[in-house]
Amino acid sequence: MSSRHASVETVEDAEALQAELRRLVEADVPGPEQVATVAGFDVAYDTDTDLLAGAVVVLAAPRWELIASATAAGRVTFPYVPGLLSFRELPPLLEAWEAVLPQLAAPPDLLVCDGHGIAHPRRFGLACHLGVTVGLPTIGVAKTPFVGEHSAPGPHRGERAPIILGGEAVGAALRTQDGVREVYLSVGHRTNLDSACRWVLDLCPRYRLPETTRTADQLSRAALAEARLTV
DNA sequence: GCGACAG
DNA sequence: ATCTTGTCGC
């Protein structure tokens, strides 16, 4: 698991591993029919101290109430390289994941993370890496575009426009609330674009960003603040 | 070669 | 990611 990451320390190693793991991605299969629980992932950074903190939250339908969570703080082990974000964020996220699993009666039905899935230069963004690693359905929801072209979706909640890369739809610009800026989502693993849009809308009953993202963001920041006191 | 570039 | 107050608007 993480031992596999221990050997990845250069851009070359990371890209080689991506090329290997991308073949495992299932990006056009039926998504979860029901979602009783959903997990959210996010990482916060302190640029001064090199500290980072990952957080995993588990929310329960239909109100998306927090039922479990875990965090993991540590030092940055990989630089930010566009296209290799997962090698930077996965270590703390997987550590938090391992800590949250024992709190659950069953694995979450869906995982949502910050950043893209297959809307990625090599079709293997953070959401894909997380998905194939834990073997569960994942969706990537990003606040800004990364690759591909898309037109502006209509102004109302639920309207969307495909993100086109290399002639294929790799994701969608989705309006999650009337009049707010769109989010950019793509399949990570074991689901499809329609299902992903459906569940992301469900996770955005009130705000632009999914409840999973909002809650995980808060928790990761709190965990980072806690970790800074230790330094 | 130049500019862009999730978090 | 992160640095950051007030302010316009529903």
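Between the CG atom of Leu90(A) and the P atom of dG7(B) there is a distance of 16 Å, given to the nearest Å. In this structure, Glu15(A) places its CD atom 14 Å from C1' of dC5(B), rounding to the nearest Å. Rounding to whole angstrom units, CG of residue Leu84(A) and P of dG7(B) are separated by 15 Å. For the pair His120(A) NE2 and dA4(B) C1', the interatomic distance rounds to 14 Å; values are reported in whole Å. Per the geometry, NE2 belonging to His150(A) stands 13 Å off P belonging to dA6(B), to the nearest Å. Atom-to-atom, CG of Leu93(A) to P of dA1(C) comes out at 14 Å; the value is rounded to the nearest Å. One interatomic measurement links the two molecules: CG of Asp46(A) to C1' of dA1(C), which rounds to 10 Å at whole-angstrom precision. When the P atom of dA4(B) is taken as reference, atom NE2 of His116(A) falls 18 Å away, rounded to whole Å.
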statement: Applying the Watson-Crick and G-U criteria (both distances under 3.5 angstrom) with [ ] for crossing and | for other-strand pairs, one obtains for DNA chain B .......

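The aromatic ring of Phe146(A) sits over the base of dA6(B), with ring centres less than 5.5 Å apart and planes tilted by under 30°. Where stacking is scored as ring centres under 5.5 Å apart with planes under 30°, Tyr45(A) does not register as stacked on the base of dG7(B).
Nucleic acid contact class of Leu126(A) (heavy atoms, under 4.0 Å, all strands): base. Among the atoms of the strands shown, base atoms are found under 4.0 Å from some heavy atom of Gly83(A). Contacts of Pro121(A) with the nucleic acid, taken as non-hydrogen atoms under 4.0 Å apart, are absent. Residue-level contact check: Ala119(A) touches neither bases nor backbone, having no heavy atom under 4.0 Å from any strand. Residue contacts for Leu51(A): at a heavy-atom cut-off of 4.0 Å it reaches no nucleic acid atom on any strand shown.
The side chain of Tyr184(A) places no N or O atom within less than 4.0 Å of a non-bridging phosphate oxygen (OP1 or OP2) of dA6(B). For dA6(B), the OP1/OP2 oxygens have no side-chain nitrogen or oxygen of Arg88(A) closer than 4.0 Å. Contact annotation: Thr144(A) reaches the phosphate of dG7(B) (side-chain N/O to OP1 or OP2, under 4.0 Å).
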Taking N or O atoms only and anything under 3.5 Å, show me the protein contacts with nucleotides 4-6 of chain C, one pair per line.
none

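Residues Tyr184(A) and His116(A) place their aromatic rings such that the two centres sit no closer than 6.0 Å.
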query: Going through the distances and angles, do Val76(A) and Arg88(A) end up as a side-chain contact (heavy atoms from CB on, under 4.5 Å)?
result: CA-CA 7 Å; Val76(A) 166; Arg88(A) 183 173 172 82; 3.3 Å; yes

task: Starting from the C-alpha separation in whole Å, work towards a yes-or-no answer on side-chain contact (heavy atoms from CB on, under 4.5 Å) for Cys113(A) and Leu130(A).
output: CA-CA 9 Å; Cys113(A) 54; Leu130(A) 176 65; 4.2 Å; yes

message: Using salt bridge (charged side-chain N to carboxylate O under 4.0 Å, His left out), reason through Asp217(A) and Arg221(A) one step at a time and then give a plain yes or no.
response: CA-CA 6 Å; Asp217(A) 178 75; Arg221(A) 290 190 197 219; 3.1 Å; yes

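No donor-acceptor pair closer than 3.5 Å links the side chain of Thr213(A) to the backbone N or O of Leu209(A).
Using a 30° and 60° split on the angle between ring planes, Phe87(A) and Phe78(A) fall in the tilted class, from 30° to 60°.
A donor-acceptor contact closer than 3.5 angstrom links the side chains of Tyr45(A) and Glu89(A). Using modelled atom types and a 3.5 Å distance limit, the side chains of Gln18(A) and Arg122(A) yield a donor-acceptor pair.
Open room surrounds CZ on Arg228(A); 12 or fewer heavy atoms of other groups in view lie less than 6.0 Å from it.
Across Gly83(A) and Phe146(A), no two heavy atoms sit closer than the pair N-CZ, 3.6 Å.
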